[in-house]
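Residue numbers start at 1 and run along the sequence shown.
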Amino acid sequence: MVQDLSPYVTLIPFLFALLFFMWVSRRLNFGRQLVSALLIATVSFQLLFFLQGYVGIPGDDANEIELILFTVAVIFSFNAVTQLLQSLFYEAVIRRRLVNVPNFIINVFGWVATFVVAIIVVRQVLVIELTGLIVTSTIVSAIIALSFQEILSGLFAGLVMQVESPFTIGDWVEVAGQEGTIEQLNWRTVAILTRSNNYVIFTNNEVASTKIINYSRPQRSQAIQARITVAALHPPGQVKETLLRVLDGVDGVLTAPNPIALVTGYEQNVIQYLISYWIHDFSAKNIIQDVVYSRFWYALG
């Protein structure tokens, strides 16, 4: 008796498709959840093929295992599709800043859509009435909410920040004394890449309860102030003219708005000056300041 190997032969294209998608997901930086959802859907459809000889909606004579496998496969297939669309939308629209939509909001829509589809599939395929389950899940949700208050508060804090959008990925900010660019925003944490090329991770609760300075809003040009003390024997008008002339040609210092120099104090034999100038790249602030102060020394020496 010759064994029918057709069910095993169909496993080959499934494996090749899975390996190809995993390779593409790495090249395109897709998340692990997308690969996991596709893996579960693929395995479910393959097991369904082994049981009923084809991949499709189980017939009236299908057993409970076939119905469950089909339900799981459809739900995870839809979940994989929604995650793929979210990833493509994020890469094509959000990263290019064509539309300012928080990534967390996109994830919420994906979760809601998957949940709705799961309810519909379970009711239609497994013919299960979910009214009692919903009531039970409401009670369980209340218990979970009490047990995970801190985690949930972080979730809602992240949701509020995503809606209010005090900063977005790429903005240069200062949070709790840490300066850097926003590299990642999710439902639980905010990641900042500092000048030292280190990641500093804050929970959403920490960010929501502290002062945030966004150096990229409302515009990327920012005023930098330098304080200089000069001997009183030099006329203030001449000193201010020299200080402003020094700023001409400094790489990174903007010509508009115009730099200004002010006298801010007079103590004994010295006069204190405040010089304000504008830069566009806040990440280069320390380098620009070094050049400015060095030129001040040579000009006033």
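Considering only heavy atoms from C-beta on, Ile192 comes within 4.5 Å of Val175 through its side chain.
Between the side chain of Ser216 and the main chain of Trp172, a donor-acceptor pair closer than 3.5 Å is present. A donor-acceptor contact shorter than 3.5 Å is absent between the side chain of Glu183 and the backbone of Gly180. Although no hydrogens or angles enter the test, the distance criterion places no donor-acceptor pair under 3.5 Å between the side chain of Glu241 and the main chain of Gln238. In terms of modelled atom types and a separation under 3.5 Å, the side chain of Thr82 and the main chain of Asn79 share a donor-acceptor contact. Looking only at distances, a side-chain donor or acceptor of Ser77 sits under 3.5 Å from a matching main-chain atom of Ala73.
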Task: Full working for side-chain contact (heavy atoms from CB on, under 4.5 Å) between Lys285 and Glu179 - done: CA-CA 11 Å; Lys285 181 189 73 170; Glu179 285 187 6; 3.8 Å; yes
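Checked by atom type, the side-chain pair Thr203/Asn205 shows no donor-acceptor distance below 3.5 Å.
For Asp248, the CG atom counts as densely surrounded, since its 6.0 Å shell holds more than 12 non-hydrogen atoms of other residues, nucleotides or ligands. Residue Leu262 qualifies as enclosed at atom CG: its count of foreign heavy atoms under 6.0 Å is above 12. Residue Phe115 qualifies as open at atom CZ: its count of foreign heavy atoms under 6.0 Å is 12 or below.
Partners of Lys240 under the salt bridge (Lys or Arg N to Asp or Glu O under 4.0 Å) rule, at least two apart in sequence or in another chain, do not exist in this structure.
Sequence neighbours left out, not one pair with a member in residues 260-277 passes side-chain hydrogen bond (donor to acceptor under 3.5 Å, both in side chains).
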